Novice: 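Have a look at this one.
Just so it is clear, the model here is predicted, and its values are computed rather than measured. As a basis for the values below, the full set of heavy atoms in this structure was taken, side chains included, without hydrogen atoms, waters or symmetry mates.
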Amino acid sequence: MSLKGKKIGVAFTGSFCTFEKVFKELKNLVKTEAEVYPIFSDSAQTINSRFGKAEEFLQNAKDITGRAPIKTIKEAEPIGPKSILDLLVIFPCTGNTIAKLANGITDTPALMSAKAHLRNGKPLVISISTNDALGMNMKNIGVLLNAKNIYFVPFGQDDPMKKPNSMVAHTELLIPTLEKALQNEQYQPLIQSFQE
């Protein structure tokens with residue numbers, strides 16, 4: 001299914017180590033001629049880290065998509081009643097966001113956009129990036145894997161020896177995952193290893 005003309009929300013959360021790959025795929029998503037709406041969690045829009053400055057990430061998202069990022073819960077809430085998006089992806093999705101989403105907590109713009117979007121029965125895609133996927137967050141991932149209208153970008157262990165509980169999405173599979181999600185299908189295989 002073509003993404004051309006589809007209205008796609010991209011919600012950034014604070015897994016800054018993946019932002020370089022995320023912005024690369026954001027550019028590829030825009031090339032499909034989808035209408036892309038950037039959304040930033042509180043952490044993603046305020047924390048400066050060794051991976052870059054928050055204001056640079058915000059500006060980069062605006063430059064790539066041509067739209068100012070949604071930065072508040074108030075701005076995110078109309079996504080539901082106005083049925084703004086065809087699809088939403090949390091990209092990247094931290095373990096903190098996974099845990100909150102699985103438990104119905106909506107205290108950031110990213111989570112509010114997810115709640116608002118899901119009320120319309122439209123697909124939500126999760127692109128995980130968490131050091132505790134095979135630890136405390138496994139139960140939350142399990143909840144979301146079994147939730148209606150939620151799909152995952154395929155993921156795997158990124159460093160099994162040094163970080164045995166860590167799993168990260170294969171960001172290069174974003175576009176085919178979105179295409180499948182629009183057909184209410186999960187891109188397979190869901191679990192994929194990283195080449196060494």
Novice: When rounded to the nearest 0.5 angstrom, what is the spacing between NE2 in His170 and CD1 in Ile128?
Specialist: 10.0 Å
Novice: Taking Ile90 as the starting point, is it possible to reach Ile84 by hopping between hydrophobic residues whose side chains are less than 4.5 Å apart?
Specialist: yes
Novice: Each residue besides Ile73 in its hydrophobic cluster should be listed here, by chain and number; the cluster joins Ile, Leu, Val, Met, Phe, Trp and Tyr at side-chain heavy-atom distances under 4.5 Å.
Specialist: Met112
Novice: Does the side chain to side chain contact (heavy atoms under 4.5 Å, CB included) test come out yes or no for Glu35 and Arg67, once each step is laid out?
Specialist: CA-CA 9 Å; Glu35 296 180 34; Arg67 286 186 175 84; 3.4 Å; yes
Novice: Spell out, as yes or no, whether a donor-acceptor pair under 3.5 Å connects the side chain of Asp42 to the backbone of Thr108.
Specialist: no
Novice: Side-chain contact, heavy-atom cut-off 4.5 Å: Lys21 with Pro92?
Specialist: no
Novice: State the CG-SG distance between Leu111 and Cys93, to the nearest 0.5 angstrom.
Specialist: 8.0 Å
Novice: What is the minimum heavy-atom distance between Leu124 and Ala114, and which atoms define it?
Specialist: CD2-CB, 4.1 Å
Novice: Indicate yes or no: at least one non-hydrogen side-chain atom of Val125 is less than 4.5 angstrom from one of Val153.
Specialist: yes
Novice: Do the side-chain N and O atoms of Asp63 and Gln59 include a donor-acceptor pair separated by under 3.5 angstrom?
Specialist: yes
Novice: Just checking, is any N or O donor in the side chain of Ser166 or Asp159 under 3.5 Å from an acceptor N or O on the other one?
Specialist: no
Novice: At their closest point, which heavy atom of Asn184 faces which heavy atom of Tyr151, and how far apart are they?
Specialist: CA-OH, 3.1 Å
Novice: CD/Glu77 to NZ/Lys82 distance, rounded to the nearest 0.5 angstrom?
Specialist: 9.0 Å
Novice: Contact between Ile79 and Ile39 at the side-chain level, heavy atoms closer than 4.5 Å - yes or no?
Specialist: yes
Novice: First locate atom CE of Met167, then atom CZ of Phe152, and finally report the distance between them rounded to the nearest 0.5 Å.
Specialist: 10.5 Å
Novice: Within the structure provided, determine whether Ile8 and Leu88 are in side-chain contact (heavy-atom separation under 4.5 Å).
Specialist: no
Novice: Quick check on the hydrophobic clustering: are Val22 and Ile98 connected, directly or via other members, by side-chain heavy-atom contacts under 4.5 Å?
Specialist: no
Novice: Please answer: with hydrophobic residues joined when any side-chain heavy atoms are less than 4.5 Å apart, are Ile141 and Val143 in the same cluster?
Specialist: no
Novice: Does this structure show an ion pair linking Glu33 with Lys6, if we count only N-O contacts that are shorter than 4.0 Å?
Specialist: no
Novice: List the atom of Ser83, the atom of Lys122, and the distance in Å for their closest heavy-atom pair.
Specialist: OG-NZ, 2.7 Å
Novice: Indicate if Leu29 and Leu85 have the same hydrophobic cluster label, given that clusters are the connected sets of ILVMFWY residues with side-chain heavy-atom separations under 4.5 angstrom.
Specialist: no
Novice: Apply the test side chain to side chain contact (heavy atoms under 4.5 Å, CB included) to residues Leu3 and Glu179: give CA-CA distance (whole Å), side-chain angles for both, the deciding distance (0.1 Å), then the verdict.
Specialist: CA-CA 7 Å; Leu3 299 181; Glu179 291 170 342; 3.9 Å; yes
Novice: Which of these passes ring pair (Phe, Tyr, Trp, His ring centres under 6.0 Å) with Phe12: Phe91, Tyr37, Phe23?
Specialist: Phe23
Novice: Please name the pair of heavy atoms, one in Val36 and one in Pro38, separated by the smallest distance, quoted to 0.1 Å.
Specialist: O-CD, 3.6 Å
Novice: Would a single hydrophobic cluster contain both Leu87 and Leu26, if residues Ile, Leu, Val, Met, Phe, Trp and Tyr are joined by side-chain heavy-atom contacts under 4.5 Å?
Specialist: yes
Novice: Below 4.5 Å, heavy atoms only, C-beta onward: do Val30 and Lys27 meet side chain to side chain?
Specialist: no
Novice: Evaluate side chain to side chain contact (heavy atoms under 4.5 Å, CB included) for Thr171 paired with Leu174, printing each intermediate quantity in order.
Specialist: CA-CA 5 Å; Thr171 55; Leu174 174 69; 5.7 Å; no
Novice: Do Asn60 side-chain atoms and Glu56 backbone N/O form a donor-acceptor pair below 3.5 Å?
Specialist: no
Novice: Please determine whether the number of non-hydrogen atoms from other residues, nucleotides or ligands lying under 6.0 Å from atom CD of Glu20 exceeds 12.
Specialist: no
Novice: Using a 4.5 Å cut-off on heavy atoms from C-beta on, say whether the side chain of Phe155 contacts that of Leu190.
Specialist: yes
Novice: Is it true that atom CD of Glu185 has more than 12 heavy atoms of other residues, nucleotides or ligands lying nearer than 6.0 Å?
Specialist: yes
Novice: Is there a donor-acceptor contact under 3.5 Å linking the side chains of Ser129 and Ser15?
Specialist: yes
Novice: Let me confirm one number: the CD1-OG1 distance from Ile126 to Thr97, rounded to the nearest 0.5 Å.
Specialist: 9.0 Å
Novice: Do Glu172 and Glu25 have side chains that get closer than 4.5 Å, going by heavy atoms?
Specialist: yes
Novice: Could you measure the distance from the CG atom of Leu134 to the CG atom of Asn165? Nearest 0.5 Å is fine.
Specialist: 5.5 Å
Novice: Does the side chain of Thr94 come under 3.5 Å of the side chain of Asn96 through a donor N or O and an acceptor N or O?
Specialist: no
Novice: I'd like to check Leu173 versus Tyr187 (side-chain heavy atoms, cut-off strictly below 4.5 Å). Are they in contact?
Specialist: yes
Novice: Taking all non-hydrogen atoms of both residues into account, name the closest pair between Arg119 and Ala116 and its distance.
Specialist: CG-O, 2.8 Å
Novice: Indicate the atoms forming the closest heavy-atom contact of Asn48 with Ala54, along with that distance.
Specialist: OD1-N, 2.8 Å
